[in-house]
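Notes follow once the structure below has been shown.
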There are 2 protein chains.
Amino acid sequence: MNLPPLIQSFVLHFGEMGSRWGIARTVGQMYAVLFVAERPLSADDIVDRLGVSRSNVSMGLKELQSWRLVRLRHQPDDRRDFFSTPDDVWQIVRILVEERKKREIDPTLSVLRELLMLSPASEEERHAQARMQDMHEVIELMTSWHADVEKLETERLIQLLTLGSKVVKVLDLKDRLFVVPGRGAKAATPKA
Amino acid sequence: MNLPPLIQSFVLHFGEMGSRWGIARTVGQMYAVLFVAERPLSADDIVDRLGVSRSNVSMGLKELQSWRLVRLRHQPDDRRDFFSTPDDVWQIVRILVEERKKREIDPTLSVLRELLMLSPASEEERHAQARMQDMHEVIELMTSWHADVEKLETERLIQLLTLGSKVVKVLDLKDRLFVVPGRGAKAATPKA
DNA sequence: CCGTTATTTCAGAAAATACTGAAATCAGGA
DNA sequence: TCCTGATTTCAGTATTTTCTGAAATAACGG
């Protein structure tokens with residue numbers, strides 16, 4: 001590995017984090033190298049920096065492209081492929097969330113819906129379906145929240161996150177103004 | 001594998017999802033079995049249902065306990081250990097988010113902060129630090145949002161998620177009322 | 001076309017991870 | 001304390017995943 005120490009630490013950390021996910025250690029390292037690079041890099045640049053085989057880099061870049069985490073760029077008067085990560089970290093987060101949703105959440109929702117259509121053949125299966133129903137509802141709610149929020153411009157998203165729990169105060173207020181006392185399952189118990 | 005078909009499909013799916021994460025296929029299956037079970041199960045119950053070795057179940061349950069995803073229970077007049085998942089799916093989601101934060105986000109923040117303290121020895125390192133700084137800011141903001149939101153009662157959390165992008169309308173309104181026109185980076189361009 | 005350089009594919013080697021069975025440990029009850 | 005049954009540990013095996021080098025393919029300029 002042929003990197004300045006500060007960058008090397010970063011790259012090694014992302015290699016470890018990568019393998020804690022589903023992605024191979026060296027693929028995580030490739031991503032890290034691209035993320036901190038001053039300009040788009042060729043596959044051979046990455047070979048030089050990480051000291052892994054050319055074919056491994058080729059496959060790793062393909063995987064990163066399938067995640068839309070790196071984009072292919074071209075330099076004038078150079079027919080090699082160059083690669084870079086988006087400049088905007090928020091953009092990276094959005095892509096990560098979308099891709100993980102597509103690969104993990106959507107197939108799970110699909111399986112759950114399919115299984116919820118079947119008729120349970122026993123009390124055991126009936127109970128299992130009830131559990132799946134609970135899970136389905138939670139995932140659906142989180143998914144629809146995400147569908148809403150992903151549309152926001154980054155500026156707004158930041159605003160929303162910064163607000164954090166203060167949003168809840170708006171909800172509190174709304175409750176106090178509009179909810180008829182006694183209509184909820186249990187009496188409100190305001191703090192302090 | 002000795003399970004009713006509906007449950008078996010669910011279990012197999014979670015095995016696959018598990019291995020897409022960092023957890024072993026059989027550990028994902030163990031979790032799925034426990035999730036849909038009508039009552040707490042002993043390790044041997046899981047051996048019967050999944051057909052894996054007793055020692056594998058023992059290790060898998062240990063891992064699931066380290067994630068706080070299953071809890072150990074005892075039945076009166078039985079000295080075997082029984083295991084179950086929380087009844088409340090929201091509770092499960094909270095635990096998952098907390099544990100992943102602890103294992104992935106916190107160490108990353110710690111590495112980033114450490115590297116941001118160092119003096120860059122070159123322009124390349126200086127640029128890398130700037131990128132790390134960007135990443136650090138984004139993660140910090142998401143983390144502080146999470147710290148706020150995790151404190152909410154489940155009822156409130158659901159309210160917040162249900163509201164989704166409607167919250168943004170509140171932000172919009174707030175902007176229109178309080179932001180001096182021209183102070184932002186670019187002029188507001190209200191839709192429609 | 002042909003030669004050159006860039007990239008991809010793929011079979012097998014290497015490495016990492018998961019799983020098992022046997023032995024060890026533990027935790028009561030007699 | 002000894003016995004019994006429950007659980008854990010761990011060394012070795014099996015499986016899966018990652019990585020490599022060599023060969024194939026592609027892309028372009030002449």
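No hydrogens, no waters, no symmetry mates; every other heavy atom, side chains included, goes into these values. Because the structure is predicted, anything quoted here is derived from the model rather than measured. Proteins come first, then strands; the chains are lettered A, B, ... in the order of their sequence lines, and each starts at number 1.
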Evaluate B/E99 against B/R68 for salt bridge (charged side-chain N to carboxylate O under 4.0 Å, His left out), listing each step before the verdict.
CA-CA 8 Å; B/E99 286 292 327; B/R68 294 184 295 142; 2.8 Å; yes
When rounded to whole Å, the CZ to P distance for the pair B/R80 and D/dT7 reads 7 Å
Check: Judged by modelled atom types alone, do B/E137 and B/Q133 share a side-chain donor-acceptor pair under 3.5 Å?
Finding: yes
Contact check, residues 23-44 of chain B vs DNA chain C, heavy-atom distance under 4.0 Å, returns B/A24, B/T26
Quiz item: Taking atom types as modelled, is there a side-chain donor on A/R156 or A/Q159 under 3.5 Å from an acceptor on the other?
Solution: yes
When rounded to whole Å, the CZ to P distance for the pair A/R20 and C/dT17 reads 11 Å
Under the criterion salt bridge (charged side-chain N to carboxylate O under 4.0 Å, His left out), I'd like the reasoning laid out for A/E16 against A/R25: C-alpha separation, chi angles, the key distance, then a yes or no. CA-CA 6 Å; A/E16 296 313 315; A/R25 185 170 280 105; 3.1 Å; yes
A/F83 atom CZ is separated from C/dT8 atom C1', nearest whole Å, by 11 Å
Note to self: Below the 4.0 Å mark, does D/dT7 have OP1 or OP2 next to a side-chain nitrogen or oxygen of B/K62?
What the structure shows: no
Sequence neighbours excluded, the answer for salt bridge (Lys or Arg N to Asp or Glu O under 4.0 Å) partners of A/R80 is A/D78
Under 3.5 Å, side-chain donor or acceptor atoms of residues 2-9 of chain B against the rest of the protein: list the pairs with distances, not counting sequence neighbours.
from	atom 1	to	atom 2	distance (Å)
B/S9	OG	B/P5	O	3.2

Applying side-chain contact (heavy atoms from CB on, under 4.5 Å) to A/R71 and not counting sequence neighbours gives A/R73, A/S84, A/P86
Whole-Å distance, A/H74 NE2 to C/dA6 C1', equals 10 Å
Residue pairs meeting salt bridge (Lys or Arg N to Asp or Glu O under 4.0 Å), one or both in residues 105-117 of chain B, sequence neighbours left out, come to B/K101-B/D106, B/R113-B/E140
Would you list the protein and nucleotides 20-29 of chain C atom pairs, both N or O, that sit under 3.5 Å from each other?
from	atom 1	to	atom 2	distance (Å)
C/dT20	OP2	B/S53	N	2.8
C/dT20	OP2	B/S53	OG	2.9
C/dT20	OP2	B/N56	ND2	3.2
C/dG21	N7	B/S55	OG	3.2
C/dG21	O6	B/S55	OG	2.7

Taken to the nearest whole Å, CD1/B/I46 to C1'/C/dC19 is 16 Å
Exercise. Mind running side-chain contact (heavy atoms from CB on, under 4.5 Å) on B/K151 and B/D148 for me, showing each step along the way?
Key: CA-CA 6 Å; B/K151 293 186 202 107; B/D148 265 4; 3.9 Å; yes
To the nearest angstrom, the CZ-P distance between A/F82 and C/dA6 comes to 10 Å
Separation of D/dG5 atom C1' from B/D77 atom CG, nearest Å, is 16 Å
